[in-house]
> 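Pasting a structure below so you can have a look.
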Amino acid sequence: MPDEVVDEAAEAGLPLEAPEEPSLEILRHSAAHLLAAAVTQLFPGAQYDVGPPIEDGFFYNFRLPDGRHFSDEDLAALQARTAELAAQHIPFTREVMPRDDARALFAGMGQDFKVDIIDRLGESVDAVGVYRTGDFVDLCRGPHVPDSGWLQAVKLLRVAGVYWRGDERNEQLQRVYGTAWFSEQDLDAYLERLAEAERRDHRRLGRELQLFDFDATAPGMPYWLPNGVIVLNELLAFWRDEHQRRGYQEIMSPLINEKRLWEISGHWDHYRTEMFVMPVDEQTAYGVKPMNCPNAMVVYNMRRHSYRELPLRLSDCDILHRFERSGTLHGLLRARKFQQDDAHIFVTEEQIEAEYDRIFEITHRFYSLFDLRYAFRLGTRPDDFIGDVETWDRAEAALLRILERHAGAGGFGVDAGEGAFYGPKIDIMMEDAIGRSWQMGTIQLDFQLPRRFGCTYVDTDGAERTPAVIHRVIYGSLERFVGVLIEHFAGHLPLWLAPVQCELVPVQDDAPEVMAYIESLQQRLNAAGLRAVVNDHHGERMQARVRDAELRKVPYVVVVGRRDVERGDDVVRVRDTRHGAQVDLAVDSLAAQLIDEVRARRPS
RNA sequence: GCCGACGUAGCUCAGUGGUAGAGCAGCGGUUUCGUAAACCGCUGGCCGGGAGUUCGAAUCUCCCCGUCGGCUCCA
């Protein structure tokens, strides 16, 4: 995503008119200028590239003298200097300058990036905007706040190395990220929002709730703990049920295949750097599968097929491994080991659109269950593609039509060049707790792999034809999906997914009649298919056990004591931890209510 | 992989050149209590790993591993 290229277009050109009231975007753009002014003061000779406003803040990219890098101490010093400049109420002044004059100005200051930006401007641009803040001069269209006194609620957040113009083949520049608001209160509210996001972080909650963990010997490869396996199994059971009734047939296949398979599929040439490869002797190497598709082709080819069988829907939930670069790993959201809820559907070309409709139906069924916000994105032909352009164009046109029908024109984004190497795709995108966007489900159209593997079916006229294949996942990866769910629900999973659905707490754990009753209660709930456990942690008071259940985000907690047993009416007090409510319920009603909630898979 | 930061008990963290600490968790005991933390005691550490500097290193330097935030890449 070379968004810097876009930003440059916004930076250079004739100045824009300032509105009556500066917007947050203007404020942040001005904050970026002030930061750059501080950098040029503290690091004489620093060259500045682009510094746009972004969501919640701004950044600015620099090349520091002598190849220096920003450290955290530098960040603190820049924060202090920026604050000083803000306190001085330095005006932002704008002027329009002939292009050649501006070029000479920036060339004279040794600002190579600005000269470069000017040189890459279109022919028609003959004048550009130049803004000054004290001694600091920038090529910019503005608009800006009147003076730096507006920039009191600015906080520099972090430093990062970034590739010039977003391309890793280029040199790495030094970027400073910051946030800016109209008031200290707004700034504090924003920082509090970040803190809240941190509390929802699935990596923290995953450990606290004992869902999964990691070990240093398997970076990026989650260990699923007993609680987490319950969540996974519930998601998969639901998935299998929904797919069986829609005509999917599940297969399982080897996790490793000889290199030859990956050569046929094209992964050896196009995906090898992301594969775990294991040499077994001088001649032979095995590749651990990063995708299920090649083995789905192998299964398809294990017998001959008739046109009557199509669409043939082979599903597959095997575990995949991808050798993701170390710096990209992020808990469950970016892992090296994950399980996809995969399927490969062999179709004739005429069947493609109808099959996509069916897949969209499944998608809505699943995503609406969780009250999740999601968006579609079309990924088109990448530079590194296999096959021919005409086939790609045809496939992309089909997906575009389908998307327009399901999401409406403009109801989806298009990411040029982001398709898989074998075909274009429709992705389902979701955001995590701090607003980062992740690809979840994906529906990919592929004319290449069936051809490479020689997949055929016998058509009505007896001729052998090659089917197309739709690769599709709904959850995406189970790991990523669970990660997003945890953050979405802040750990309070829907009842049907909760590892413990109901916790039973005795008031007096030394009273045999109480313990006998509570154990019978557990048996009744378990027999009804509910996951109920007794918390009789010895030596703790009832209050401590309730707190413990709260912290583990158990949806329902039932406290039972002598008074209940003596009353003998089978009514218990139920604590609903997600809604902070308590209610007296007959045990039968409690069971019925929970079963109903599980069956409906209500999100909360 | 690149830039920055971090790594001390199961967890959260203090300790910045001179004998490794706290809270929580765990274990033992006392307590049996009515909806978010009872009390007392006890365990628990190659201070991520390796090399170096130093009389002496958790602390300083270098290399490696892992983690976190970006970049790039992606389910």
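Residue numbering restarts at 1 for every chain, and letters A, B, ... go by the order of the sequence lines. Remember, it's a predicted structure, so these values are computed and weren't measured experimentally.
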> Just the rounded figure in Å: distance from C1' of B/C73 to CZ of A/Arg325.
5 Å
> Between the side chains of A/His364 and A/Tyr374, is a donor N or O closer than 3.5 angstrom to an acceptor N or O?
yes
> Could you give the CD1-to-P distance, from A/Ile474 to B/A75, as a whole number of Å?
15 Å
> Taking only side-chain N and O atoms of A/His69, does any of them lie within less than 4.0 angstrom of OP1 or OP2 on B/C3?
no
> Can we say A/Arg169 and A/Asp167 salt-bridge, meaning some charged N sits less than 4.0 Å from an Asp/Glu carboxylate O?
yes
> Would you kindly give the CG-to-P distance between A/Leu235 and B/A75, to the nearest whole Å?
20 Å
> Between B/A75, B/C73, B/C71, which nucleotide gets closest to the side-chain atoms of A/Glu274?
B/C73
> For A/Glu540 and B/G29, give me the distance from atom CD to atom C1', rounded to whole Å.
14 Å
> Please check: side-chain N/O of A/Arg480 versus main-chain N/O of A/Leu333, any donor-acceptor pairing under 3.5 Å?
yes
> Before we go on, tell me: are the rings of A/Tyr356 and A/His406 under 6.0 Å apart, centre to centre?
no
> Among B/A75, B/G4, B/C71, which nucleotide has an atom closest to any side-chain atom of A/Thr328?
B/C71
> Roughly, in whole Å, what's the span from CE in A/Met515 to P in B/U32?
16 Å
> Quick one: on RNA chain B, does A/Arg336 or A/Ala216 contact a more 5' nucleotide (nearest heavy atom)?
A/Ala216
> Return the value, rounded to whole Å, for the distance between atom CG of A/Asp415 and atom P of B/C74.
10 Å
> Which atom pairs, one a donor and one an acceptor, fall under 3.5 Å between side chains of residues 549-561 of chain A and the rest of the protein, sequence neighbours left out?
from	atom 1	to	atom 2	distance (Å)
A/Glu550	OE2	A/Arg575	NE	2.8
A/Glu550	OE2	A/Arg575	NH2	2.9
A/Arg552	NE	A/Asp548	OD2	3.4
A/Arg552	NH1	A/Glu503	OE1	3.1
A/Arg552	NH2	A/Glu503	OE1	3.3
A/Arg552	NH2	A/Glu503	OE2	2.7
A/Arg552	NH2	A/Asp548	OD2	2.9
A/Tyr556	OH	A/Arg578	NH2	3.4
A/Tyr556	OH	A/Glu597	OE1	2.6

> Indicate for each nucleotide in nucleotides 5-11 of chain B, in 5' to 3' sequence, whether protein heavy atoms under 4.0 Å reach the base (B), only the sugar-phosphate (S), or nothing (-).
S-----S
> Are there over 12 heavy-atom neighbours, none belonging to A/Glu55, within less than 6.0 Å of that residue's CD?
no
> Where the side chain of A/Gln340 is concerned, which of B/U72, B/A38, B/A75 is the nearest nucleotide?
B/A75
> Might you list the N or O atoms of the protein lying below 3.5 Å from N or O atoms in nucleotides 39-44 of chain B, with each pair's distance?
none

> Between A/Arg562 and B/U32, is there a side-chain N or O to OP1/OP2 distance below 4.0 Å?
no
> Watson-Crick or G-U wobble partner for B/C60, using a 3.5 Å limit on both distances?
B/G52
> Less than 4.5 Å apart, side chain to side chain, heavy atoms only: is that true for A/Val231 and A/Ile486?
no
> Under a 3.5 Å cut-off for both distances, is B/A9 Watson-Crick or wobble paired, and to whom?
none
> Name the nucleic acid region contacted by A/Met440, choosing base, sugar-phosphate or nothing; use a 4.0 angstrom heavy-atom cut-off, strictly under.
sugar-phosphate
> Taking donor-acceptor contacts at under 3.5 Å, does the side chain of A/Arg322 reach the base of B/C74?
no
> Would you say that A/Cys502 contacts A/Leu530 through its side chain, given a criterion of any heavy-atom pair below 4.5 Å between the two side chains?
no
> Using a 4.0 Å heavy-atom cut-off, does A/Gln543 contact any base of the nucleic acid, only the sugar-phosphate backbone, or nothing at all?
sugar-phosphate
> Please determine, for B/U19, whether a Watson-Crick or G-U wobble partner exists with both distances under 3.5 Å, and give it or none.
none
> Checking only heavy atoms, does the side chain of A/Glu550 share a donor-acceptor pair with the base of B/A36 at less than 3.5 Å?
yes
> Verify the neighbour count for atom NZ of A/Lys337: are there more than 12 heavy atoms of other residues, nucleotides or ligands below 6.0 Å?
yes
> Grab the OH-P distance between A/Tyr223 and B/G66 for me, whole Å please.
13 Å
> It should be established whether A/His330 places a side-chain nitrogen or oxygen under 4.0 Å from OP1 or OP2 of nucleotide B/G69.
yes
> Paired with B/U43: which nucleotide, if any, by Watson-Crick or G-U wobble criteria at under 3.5 Å for both distances?
none
> With no angle test and no hydrogens, is the base of B/G70 tied to the side chain of A/Tyr163 by a donor-acceptor pair under 3.5 Å?
no
> Which part of the nucleic acid does A/Leu320 contact within heavy-atom distance under 4.0 Å: base, sugar-phosphate only, or nothing?
nothing
> Report which part of the nucleic acid A/Asp74 touches: base, sugar-phosphate, or nothing (heavy-atom distance under 4.0 Å, all strands).
nothing
> Does the distance from a Lys or Arg side-chain N to an Asp or Glu carboxylate O, for A/Asp427 and A/Lys425, drop under 4.0 Å?
yes
> Send over the distance from A/Tyr177 OH to B/C71 P, rounded to a whole Å.
4 Å
> What's the closest nucleotide to the A/Arg547 side chain, out of B/C73, B/A37, B/A38?
B/A37
> Does B/U30 have a Watson-Crick or wobble partner in any strand here, with both distances under 3.5 angstrom, and which is it?
B/A38
> Measuring only the P atom in each nucleotide, how far is B/C55 from B/C42? A whole number of Å is fine.
40 Å
> Given B/A75, is OP1 or OP2 found less than 4.0 Å from the side-chain N or O atoms of A/Lys425?
yes
> Could you identify the nucleotide paired to B/C71, looking across every strand shown and requiring Watson-Crick or G-U wobble geometry with both distances under 3.5 Å?
B/G1
> Taking the six-membered ring of A/Phe58 as reference, does the NZ or CZ atom of A/Arg28 fall below 6.0 Å from its centre and within a 45° cone about the axis?
no
> Heavy atoms from C-beta onward define the side chain here; which of B/G34, B/C3, B/A75 lies closest to that of A/Arg563?
B/G34
> Counting side-chain heavy atoms from C-beta on, which of B/A36, B/G66, B/U72 comes nearest to A/Val546?
B/A36
> Of all the nucleotides listed (B/U35, B/A75, B/G70), which has the minimum atom distance to the side chain of A/Arg158?
B/G70
> Does some side-chain heavy atom of A/Val473 sit less than 4.5 Å from a side-chain heavy atom of A/Tyr475?
no
> Where the side chain of A/Gln508 is concerned, which of B/G70, B/A75, B/G34 is the nearest nucleotide?
B/G34
> Salt bridge check, A/Asp509 against A/Arg545: does any charged N sit closer than 4.0 Å to a carboxylate O?
yes
> Using a cut-off of less than 4.0 Å, is there contact between a side-chain N or O of A/Arg480 and OP1 or OP2 of B/C74?
no
> Does B/C68 have OP1 or OP2 sitting under 4.0 Å from an N or O in the side chain of A/Arg203?
yes
> Need to verify one output field. Residue with the more 5' nearest nucleotide on RNA chain B, A/Gly220 or A/Glu324?
A/Gly220
> Would you say A/Ser326 places a side-chain N or O within less than 4.0 Å of OP1 or OP2 belonging to B/G1?
yes
> When you check the gap from the basic side-chain N to the acidic O, do A/Arg567 and A/Glu513 get nearer than 4.0 Å?
no
> Please tell me which of the listed nucleotides, B/A75, B/C3, B/G1, lies nearest to the side chain of A/Gln174?
B/C3
> Using a heavy-atom cut-off of under 4.0 Å over every strand shown, decide if A/Val473 touches base, sugar-phosphate, or nothing.
nothing
> Where does B/U16 land, syn or anti, once you apply the within-90°-of-0 test for syn?
syn
